Protein chains: 2
Amino acid sequence: MSTPIPGRPVRGSKSGQPIMALFDLLGRSWALGIIWNLGTRSRTFRQLQTVCESVSPTTLNTRLKELRNSHMIESTINGYRLTKSGIEVLDLLKPLGSWANKWSDKFNQSK
Amino acid sequence: MSTPIPGRPVRGSKSGQPIMALFDLLGRSWALGIIWNLGTRSRTFRQLQTVCESVSPTTLNTRLKELRNSHMIESTINGYRLTKSGIEVLDLLKPLGSWANKWSDKFNQSK
DNA sequence: TGCGTCTGCTACAATATTTGTAGCAATATT
DNA sequence: AATATTGCTACAAATATTGTAGCAGACGCA
């Protein structure tokens, strides 16, 4: 699976509209979870394997490569961490956390 | 593939933390694209097939079912449209659109 | 130096998801 | 009544993900 790059064809857009490239990137398994889990601290490959329960090393490594290619994360001596871009995206995603809690109530109510 | 419901185990969380259930839902192919494309107007199944270039009817229908089950969209006489929840999520996602344009520059510069 | 231990990561087969094409039944439109 | 359009299903081929095993390099330590 090739890294979605804006301006090139991606899943969802032959012209590679930036938002579609971003959705292609973030919409792959574990991409959102990885970014979310790198929010608080940098983590090693093995730590990411632990916090992302059930991700396979194959997929984890594939996703890490893609996120590096798209400048969302970078590898350091202390493990992987978000780049400036990655932090910006995470900041935009953060509100989803509390929204998800409210959303969750919809399911408890109907139980 | 079962619809991710907060509070139940999902890809990424055995306890089904709401944010993880949401990421599981949104991180499936076309989920983000569908929500994005329902932002401006309601669309029929065939219209969604057109605007989501290259989605298969199988996947489209699966995703639509999941998004209905999770109260993000609903089916009307005029096609599918976002629910109140869906609109809220889209509003949270919208800033990603303009951010993606800035992000896109990173790739043009290095060409 | 030699021995565990931990690390990032690859191999590879089994399983799951997505695509692509065809087409069907029900509902408009002519 | 004939034709077109719609929402959607069938199903096989292609692709992505998992799960398990394991390897080579770096590290701590005797």
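Chain letters run A, B, ... following the sequence lines, proteins first, then strands; residues in each count from 1. No experiment lies behind these values; they were computed from the predicted model shown.
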Taking 4.0 Å as the cut-off, does a side-chain nitrogen or oxygen of A:T59 come that near to OP1 or OP2 on D:dT17?
no
For atom CH2 of B:W30 and atom P of C:dT17, their distance in whole Å
18 Å
Rounded distance in Å - CZ (B:R11) to P (D:dT17)
8 Å
Taking only side-chain N and O atoms of A:R63, does any of them lie within less than 4.0 angstrom of OP1 or OP2 on D:dT17?
yes
Does the side chain of A:P6 come within less than 4.5 Å of B:W103's, by heavy atoms?
yes
Rounding to a whole Å, what distance do you find between B:L60:CG and C:dT21:P?
16 Å
Tell me: CZ of B:R43 to P of D:dC8, nearest whole Å?
17 Å
Can you tell me how far C1' of D:dG7 sits from CD1 of B:I34, to the nearest Å?
14 Å
Just how far is it from atom CG of A:L25 to atom CE of A:M72, taken to the nearest 0.5 Å?
5.5 Å
Would you check if A:S54 and B:R11 make a side-chain contact, meaning some heavy-atom pair closer than 4.5 Å?
no
Is the phosphate of C:dC9 approached by A:Y80 (side-chain N or O, under 4.0 Å from OP1 or OP2)?
yes
Write down the distance between CG (A:N61) and C1' (D:dT18), rounded to a whole number of angstrom.
15 Å
Nearest-Å distance, CD1 (B:I77) to C1' (C:dA26)?
13 Å
Please determine if a side-chain N or O atom of B:S56 lies less than 4.0 Å away from the OP1 or OP2 oxygen of C:dG20.
no
Nearest to the side chain of A:K65, heavy atoms from C-beta on, is which of D:dG7, C:dG8, C:dT10?
C:dT10
What pairs meet the ring-ring contact (aromatic ring centres under 6.0 Å, His included) rule with one or both residues in residues 26-47 of chain A, with sequence neighbours excluded?
A:W36-B:F23
Inspect the contact between A:R68 and A:E74 and indicate whether a charged nitrogen and a carboxylate oxygen are less than 4.0 angstrom apart.
no
Taking any strand in view, what nucleotide pairs with C:dT29 in a Watson-Crick or G-U wobble way, both distances under 3.5 Å?
D:dA2
So what does B:T58 touch, heavy atoms closer than 4.0 Å: a base, only the sugar-phosphate, or nothing?
base
Value in whole Å for how far the C1' atom of D:dG22 lies from CZ of A:F45:
14 Å
Among D:dT18, C:dT10, C:dT19, find the nucleotide with the atom closest to the side chain of A:V55.
D:dT18
If each of A:L64 and B:Q49 is mapped to the nucleotide of DNA chain C with the nearest heavy atom, which maps nearer the 5' terminus, i.e. the 5' end?
A:L64
I want to confirm an ordering. Mapping A:M1 and A:R46 to their closest nucleotides on DNA chain D, which one lands closer to the 5' end?
A:M1
Between A:T44 and C:dG8, is there a side-chain N or O to OP1/OP2 distance below 4.0 Å?
yes
Let's test your reading of the model: under 3.5 Å, does the base of C:dG20 pair with the side chain of B:S54 as donor and acceptor?
no
